[in-house]
Amino acid sequence: MTRQRSTTVRRLMDAYGRTHAEEAGIKLRNTPAPLYQLLTLCVLFSVRIKADIAVAAARELFAAGMRTPRAMADSSWQERVDALGRAHYVRYDESTSTALGNGAELILNRYRGDLRRLRDAADGDPDRIRELLREVPRIGPVGADIFCREAQGVWPELRPSFDDRAREAAAELGLPSSPEDLARLVDTDDLARLAAGLVRVELSRTAADDLLKTG
């Protein structure tokens, strides 16, 4: 890696390299509860809403005890609406409450509450993992991409996971734009953070210029 690229990556990671799971207080591990919490976060991101509001909504749901599929399914529709409302997750609160309840029931019925069984059903195929994720209510291509981007730290078959927005930001920063080349820029443990940072740069109007100015 050239010195310029090394500097850009370091500054990118320092300024923007924080995953959505970290922001939502999820200690991501390959165990049922945190994987489900990540899925919940992805459901919340799957509508046109600001990232900080989606993260705040996840925190409110988790603080209300809805941290597992069983707890989510056992909660009332109104309890979910109220938690979303406390995070100002407006316009989509009622439909999202319904989606969360239906999604929890699907995870319980199909995977016995454990998303590792979804992984097993996909037989190590990242594309199949995305297909199965999209069967969860409200999860579309964007939500599936977010899940895979964040989960690549605990599900190695998803590595390297850099979606179109991440690759576009990489090109803008003068970094390689293929997932394989991007993966060589950081340690394996930092892939999710690099991907998240690149997406933040792509969504910002000024981040790329700011990073390149200081380069």
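Keep in mind that the numbers below use all heavy atoms, side chains included, and drop hydrogens, waters and symmetry copies.
Contact annotation: the side chain of Met13 never approaches that of Arg10 to less than 4.5 Å [non-hydrogen atoms, C-beta and beyond]. No side-chain heavy atom of Arg119 sits less than 4.5 Å from a side-chain heavy atom of Leu132. Residues Pro156 and Thr188 form no side-chain contact, since every pair of their non-hydrogen atoms from C-beta on lies 4.5 Å or further apart. In this structure, Arg80 and Met72 have side chains that are in contact, with non-hydrogen atoms separated by less than 4.5 Å. Between Pro32 and Leu115, every side-chain heavy-atom pair lies at or beyond the 4.5 Å cut-off. The side-chain heavy atoms of Ile53 and Val90, taken from C-beta on, include no pair separated by under 4.5 Å. Residues Leu198 and Tyr16 form no side-chain contact, since every pair of their non-hydrogen atoms from C-beta on lies 4.5 Å or further apart.
For the atom pair CG of Leu173 and CD of Gln4, the computed distance is 10.0 Å after rounding to the nearest 0.5 Å. Cys148 SG to Leu158 CG: the interatomic distance, rounded to the nearest 0.5 Å, is 4.5 Å. In this structure, Arg3 CZ and Thr8 OG1 are separated by 12.0 Å, a value rounded to the nearest 0.5 Å. Interatomic distance, Leu118 CG to Tyr111 OH, rounded to the nearest 0.5 Å: 4.0 Å. Here Asp187 contributes atom CG and Leu194 contributes atom CG; the two are 11.0 Å apart, rounded to the nearest 0.5 Å. Atom CD of residue Gln78 and atom OG of residue Ser97 lie 7.5 Å apart, to the nearest 0.5 angstrom.
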Do Asp125 and Asp127 pass the side-chain contact (heavy atoms from CB on, under 4.5 Å) test, and can you show the C-alpha distance, the side-chain angles, and the key distance before you say yes or no?
CA-CA 6 Å; Asp125 182 348; Asp127 290 336; 3.6 Å; yes
Evaluation steps, salt bridge (Lys or Arg N to Asp or Glu O under 4.0 Å), between Asp14 and Arg11:
CA-CA 5 Å; Asp14 288 345; Arg11 288 173 171 159; over 6 Å; no
As a quick check of understanding, evaluate side-chain contact (heavy atoms from CB on, under 4.5 Å) for Met66 and Glu79, giving each step before the final call.
CA-CA 10 Å; Met66 302 172 220; Glu79 286 172 334; 4.2 Å; yes
List the steps and the verdict of salt bridge (Lys or Arg N to Asp or Glu O under 4.0 Å) for Arg149 and Asp163.
CA-CA 8 Å; Arg149 191 174 75 216; Asp163 59 23; 3.0 Å; yes
Between Ile107 and Leu39, is the side-chain contact (heavy atoms from CB on, under 4.5 Å) condition met? List the steps.
CA-CA 10 Å; Ile107 299 303; Leu39 183 69; 4.0 Å; yes
Would Ile146 and Glu150 satisfy side-chain contact (heavy atoms from CB on, under 4.5 Å), going step by step from the backbone distance to the final call?
CA-CA 6 Å; Ile146 294 173; Glu150 301 258 332; 4.2 Å; yes
List the steps and the verdict of salt bridge (Lys or Arg N to Asp or Glu O under 4.0 Å) for Asp120 and Arg117.
CA-CA 5 Å; Asp120 292 341; Arg117 291 192 173 91; over 6 Å; no
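Side-chain atoms of Glu168 do not come within 3.5 Å of backbone N or O of Glu202 as any donor-acceptor pair. No donor-acceptor pair under 3.5 Å is formed between the side chain of Ser204 and the backbone N or O of Val201. Gln152 places a side-chain N or O within donor-acceptor distance of the main-chain N or O of Ser161, the cut-off being under 3.5 Å. A donor-acceptor distance shorter than 3.5 angstrom exists from the side chain of Gln37 to the backbone of Arg67, with no hydrogens or angles considered. Arg165 places no side-chain N or O within donor-acceptor distance of the main-chain N or O of Leu203, the cut-off being under 3.5 Å. A donor-acceptor contact shorter than 3.5 Å is absent between the side chain of Arg130 and the backbone of Pro141. In this structure, the side chain of Tyr89 engages the main chain of Leu44 through a donor-acceptor pair within 3.5 Å. Listed for the Asp190 side chain is no donor-acceptor partner under 3.5 Å among the backbone atoms of Val186. A donor-acceptor contact shorter than 3.5 Å is absent between the side chain of Arg128 and the backbone of Ala122. Under the 3.5 Å distance criterion, the side-chain polar atoms of Glu22 are matched with a main-chain donor or acceptor of Thr19.
Hydrophobic clustering of Ile, Leu, Val, Met, Phe, Trp and Tyr side chains at less than 4.5 Å, counting indirect connections, keeps Leu108 apart from Leu61. Linking Ile, Leu, Val, Met, Phe, Trp and Tyr residues whenever their side-chain heavy atoms come within less than 4.5 Å places Leu182 and Leu211 in a single cluster. Using a 4.5 Å cut-off between side-chain heavy atoms of Ile, Leu, Val, Met, Phe, Trp and Tyr, with links allowed through other members, Val142 and Tyr92 fall into the same hydrophobic cluster. With hydrophobic clusters built from ILVMFWY side chains whose heavy atoms lie under 4.5 angstrom apart, Leu106 shares a cluster with Phe147. Leu28 and Leu191 are not part of a single hydrophobic cluster, where members link through side-chain heavy atoms under 4.5 Å apart.
Closest approach of Pro137 to Gly103, counting heavy atoms only: CD-CA, 3.7 Å. When all heavy atoms of Leu41 and Ala24 are compared, the pair lying nearest together is CD2-CB, 4.2 Å. For Glu60 against Ala87, the heavy-atom pair with the smallest separation is CG-CB, 4.0 Å. Glu157 and Gly124 make their closest contact through CB-O, 3.8 Å (heavy atoms, listed as atom of the first residue, atom of the second, distance). Taking every heavy atom of both residues into account, Ser177 and Ala171 meet most closely at CB-CB, 4.4 Å. Closest of all the heavy-atom pairs between Arg159 and Gly153 is NH2-O, 3.1 Å.
Using a 4.0 Å cut-off between charged side-chain N and carboxylate O, Arg110 and Glu135 make a salt bridge. For the pair Asp114 and Arg116, the salt-bridge criterion is met [side-chain N within less than 4.0 Å of a carboxylate O].
Of the listed residues (Arg200, Arg59, Arg193), just one forms a salt bridge (charged side-chain N to carboxylate O under 4.0 Å, His left out) with Glu23, and that residue is Arg200.
Between the side chains of Thr96 and Arg138, at least one donor-acceptor pair of N or O atoms lies under 3.5 Å.
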